[in-house]
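Working notes, structure below.
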Amino acid sequence: MNRRTHTCGELTSANISEKVSLNGWVNAVRFHGQVVFVDIRDRYGKTQIVYNQESFKGDFELVKKLSMEDVLSVMGVVQKRDKNAINPNIATGDVEVAISDHKILNEAAPLPFMITDRNSAEEDLRLKYRFLELRTNELQNNIEVRHRTYQAVRTFLSNNDFLEVETPVLMKSTPEGARDYLVPSRMHNGKFYALPQSPQMYKQLLMISGFDKYFQIVKCFRDEDLRADRQPEFTQIDIEMSFVVEDDVMGKCEELTRYIFKKVQNINLVKPFPKMTYDDAMSKYGTDCPDLRYDLLLNDFKSFSEKSEFKAFNSVECVKGIIVPGGANYSRKEIDNFTEHVKRYRAKGLAWMKADAGKLTGGISKFFNDDLQTEIRKNLNMNDGDILFIIGDDNKITQLSLGALRVAIARKEEYIETKEFKPVWITDFPMFEYSHEDKRYHSLQHPFTQPKSDDLEKLKVSPESIPSKQYDLIINGYEIAGGSIRIHNSKLQKTIFDILGIDKYEAKERFGFFIDALKYGTPPHGGIAFGFDRLVMLLAGTNNIRDVIAFPKTTSAMSLMDGAPSSVSNAQLKELGIQIKK
């Protein structure tokens with residue numbers, strides 16, 4: 001191999017007449033009789049090299065056998081391209097290298113898919129050969145965006161007096177929320193470590209330890225159902241601060257987010273980020289992760305349905321509707337598809353009416369007299385050519401199903417501008433959510449979140465009425481970060497455990513070391529965790545976090561490339577004291 005003098009992305013007209021050495025992969029081959037043009041590629045770019053049978057010192061017949069992804073080491077002289085051969089789309093497009101000598105370092109086997117066309121293969125095949133897919137321009141760019149984001153985070157937080165501290169990867173299992181991934185202990189048979197779902201208790205312990213400002217870019221693990229923006233192992237930016245209130249944490253995280261977007265992609269985000277309460281987000285958008293790039297707001301419709309002869313909505317808690325401009329041209333099949341979509345969110349059906357020639361027609365319009373139709377059109381600003389979709393049910397089902405419909409319509413109508421970024425803080429989340437299935441309360445975030453009230457008696461009597469000091473950062477409909485002010489008082493923490501049905505013994509078993517630590521001078525503190533993969537996903541302009549992770553898992557938590565998870569030998573199981581039951 002010749003030691004390279006330049007990368008494949010840096011030669012320009014300034015290098016003309018220089019003798020250079022390049023190493024890289026064959027990206028394209030073009031045969032023109034006694035001249036062969038090859039694009040050679042590395043991480044930094046592409047350079048056109050030229051083999052001329054008259055000047056090439058090696059075996060020209062071997063040059064004719066070059067194939068895609070062969071690894072080459074070449075030497076030659078930089079020359080100006082012919083005027084009609086200049087490529088303005090690449091940095092090296094003005095020049096080419098006339099090759100005098102080369103070495104084929106490695107021949108590539110026939111490719112399972114074309115490296116130059118990522119879409120030439122299904123995702124499962126690309127994941128099986130991920131090491132090849134990572135050679136594509138798109139993924140190389142994505143991983144570079146990820147790298148620049150890492151550096152921006154560390155630079156900003158380090159310059160703002162945050163200390164980067166590593167927390168344990170093997171920890172005690174304290175299951176809440178998602179299932180833990182468990183790691184059996186060989187030295188302590190029958191006992192298990194857990195991989196962290198989050199370093200939550202450790203970062204609070206660091207505040208108790210007096211470190212004041214902590215951060216970590218950390219791997220977390222959750223054994224949960226997956227989707228496009230989730231992975232069983234994921235990365236988060238973990239932040240914790242002492243002696244702060246909500247605005248302190250949110251303000252610093254706004255600065256960090258603006259810094260990242262500017263530094264990584266030269267994007268200026270709005271200042272300050274708008275804020276919206278949880279109740280407003282659910283009422284207007286049907287989700288606590290609203291995408292503000294388009295309207296389609298949820299409208300209260302119960303006052304109209306109560307005046308109508310449509311009795312199906314009489315006994316329901318909530319009736320809301322969405323007006324779609326120009327939606328009157330939807331076919332019955334399209335409306336039926338929307339109906340099936342909202343049923344996935346437990347809606348019983350989807351009512352509708354179209355505006356035409358000053359009236360409402362079709363669907364349930366016959367149950368609304370002329371005066372009521374006029375009132376609806378006026379109050380909801382409904383114009384001819386629009387369609388109104390309506391759902392009636394309990395609050396949660398109505399909001400969530402219409403929120404899902406809102407997103408589906410926005411995708412269908414291509415309302416979403418992918419290069420636009422609209423952040424919003426969601427605040428005042430409920431502290432608890434009651435599960436009728438379990439017949440007990442659950443924390444909406446985690447049991448260490450502080451309520452927005454010091455009235456312990458009211459908290460005990462009416463837990464659902466007290467909001468929490470939780471805040472989520474949403475950008476373009478994705479939860480980018482979530483955090484809260486933490487409980488720093490052991491008495492309040494015990495009250496929260498009582499409401500959650502965690503008795504004294506269970507609390508000591510699961511969180512004993514942390515509960516004890518709260519007694520020893522815990523400062524008021526709060527923090528947040530950014531979903532690093534989702535953040536990079538937005539910065540890279542994709543909608544799938546697998547596109548920004550070097551070696552991701554599938555939606556069934558499998559690695560198609562190396563076959564994980566896999567079976568292990570009986571000897572390994574015996575050493576760990578584990579028996580597999582089938």
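- Salt-bridge formation is not detected for the pair Glu340/Arg344: no Lys NZ or Arg NE/NH1/NH2 atom is positioned less than 4.0 Å from an Asp or Glu carboxylate oxygen.
- Looking only at atom types and distance, the side chain of Asn395 has a donor-acceptor partner in the side chain of Glu317 under 3.5 Å away.
- In this structure, OG1 on Thr339 lies 8.5 Å from CG on Leu405, to the nearest 0.5 angstrom.
- Asp533 places a side-chain heavy atom less than 4.5 Å from the side chain of Arg146.
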Let me have the donor-acceptor pairs involving side chains of residues 492-500, under 3.5 Å, with sequence neighbours excluded, atom names and distances please.
residue: Gln493; atom: NE2; partner: Pro447; partner atom: O; Å: 2.8
residue: Lys494; atom: NZ; partner: Asp498; partner atom: OD2; Å: 3.3
residue: Thr495; atom: OG1; partner: Lys491; partner atom: O; Å: 3.1

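- Sorted by first and then second residue, the pairs that involve residues 392-422 and meet ring pair (Phe, Tyr, Trp, His ring centres under 6.0 Å), not counting sequence neighbours, are Phe261-Phe421.
- Between Lys458 and Ser465 the shortest heavy-atom distance is CE-OG, 4.0 Å.
- Residues in residues 129-138 take part in these salt bridge (charged side-chain N to carboxylate O under 4.0 Å, His left out) pairs, two or more places apart or across chains: Glu69-Arg135, Arg118-Glu133, Arg118-Glu138, Arg126-Glu133, Arg130-Glu133.
- Annotation for Leu298 and Ser283: closest pair CB-O, 3.4 Å, computed over non-hydrogen atoms.
- Salt bridge Asp394/Lys396: absent, no basic N to carboxylate O contact under 4.0 Å.
- Contacts of Tyr150 classified as ring-ring contact (aromatic ring centres under 6.0 Å, His included), with partners at least two apart in sequence or in another chain: Phe532.
- Going from atom OG of Ser484 over to atom CG of Leu444 covers 11.0 Å, rounded to the nearest 0.5 Å.
- With sequence neighbours left out, the ring-ring contact (aromatic ring centres under 6.0 Å, His included) criterion links Tyr202 to no other residue.
- Of all heavy-atom pairs spanning Met276 and Pro290, the tightest one is SD-CG, 4.4 Å.
- Atom CD1 of Ile487 sits about 10.5 Å away from atom NZ of Lys469, to the nearest 0.5 Å.
- Residue-environment remark: CZ (Arg346) stays at or below the threshold of 12 foreign heavy atoms within 6.0 Å.
- More than 12 non-hydrogen atoms from other residues, nucleotides or ligands lie less than 6.0 angstrom from NZ of Lys252.
- For residues 119-141, there are no ring pair (Phe, Tyr, Trp, His ring centres under 6.0 Å) pairs, not counting sequence neighbours.
- For Tyr330, the ring-ring contact (aromatic ring centres under 6.0 Å, His included) test picks out Phe338, with sequence neighbours left out.
- Looking at heavy atoms from C-beta onward, Asn299 lies out of side-chain contact with Leu388 at the 4.5 angstrom threshold.
- Within 6.0 Å of the CD atom in Glu334, the count of heavy atoms belonging to other residues, nucleotides or ligands exceeds 12.
- Partners of Asn379 by side chain to side chain donor-acceptor pair (under 3.5 Å), not counting sequence neighbours: none found.
- Each salt bridge (charged side-chain N to carboxylate O under 4.0 Å, His left out) pair with one or both residues in residues 269-289, not counting sequence neighbours, appears once here: Asp247-Lys275.
- Taking both residues in full, the closest heavy atoms of Ile528 and Glu240 are given as N-OE1, 4.4 Å, listed atom of the first, atom of the second, then distance.
- In this structure the side chain of Leu292 reaches within 4.5 angstrom of the side chain of Tyr285, judged on heavy atoms.
- How far OG of Ser173 is from CZ of Arg179: 12.5 Å, rounded to the nearest 0.5 Å.
- Separating the CE atom in Met282 from the CG atom in Leu402 is a distance of 11.0 Å, to the nearest 0.5 Å.
- Here the side chains of His147 and Ile143 are not in contact, with every heavy-atom distance at 4.5 Å or above.
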**Asked** Should Thr427 and Glu246 be marked as a side chain to side chain donor-acceptor pair (under 3.5 Å) after you check the CA-CA gap, both sets of side-chain angles, and the distance that decides it?
**Response** CA-CA 9 Å; Thr427 65; Glu246 294 105 306; over 6 Å; no
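- The side chain to side chain donor-acceptor pair (under 3.5 Å) test applied to Asp384 returns Arg377, not counting sequence neighbours.
- Between Phe389 and Ile335 there is a side-chain heavy-atom pair separated by less than 4.5 Å.
- Between Phe448 and His446, the ring planes are tilted. Angles from 30° to 60° get that label.
- Side-chain contact, Gln140 with Glu144: no donor N or O sits under 3.5 Å from an acceptor N or O.
- The two atoms that bring Lys302 and Phe313 nearest to each other are NZ-O, 3.6 Å, heavy atoms only.
- Note: Arg222 CZ to Tyr181 OH = 12.0 Å, rounded to the nearest 0.5 Å.
- Nearest heavy atoms, Lys203 versus Ala529: NZ-CB, 4.4 Å.
- In terms of the ring-ring contact (aromatic ring centres under 6.0 Å, His included) criterion, residue partners of Phe304 (sequence neighbours excluded) are, by chain and number, Phe301.
- Sorted by first and then second residue, the pairs that involve residues 347-372 and meet side-chain hydrogen bond (donor to acceptor under 3.5 Å, both in side chains), not counting sequence neighbours, are Lys348-Asp393.
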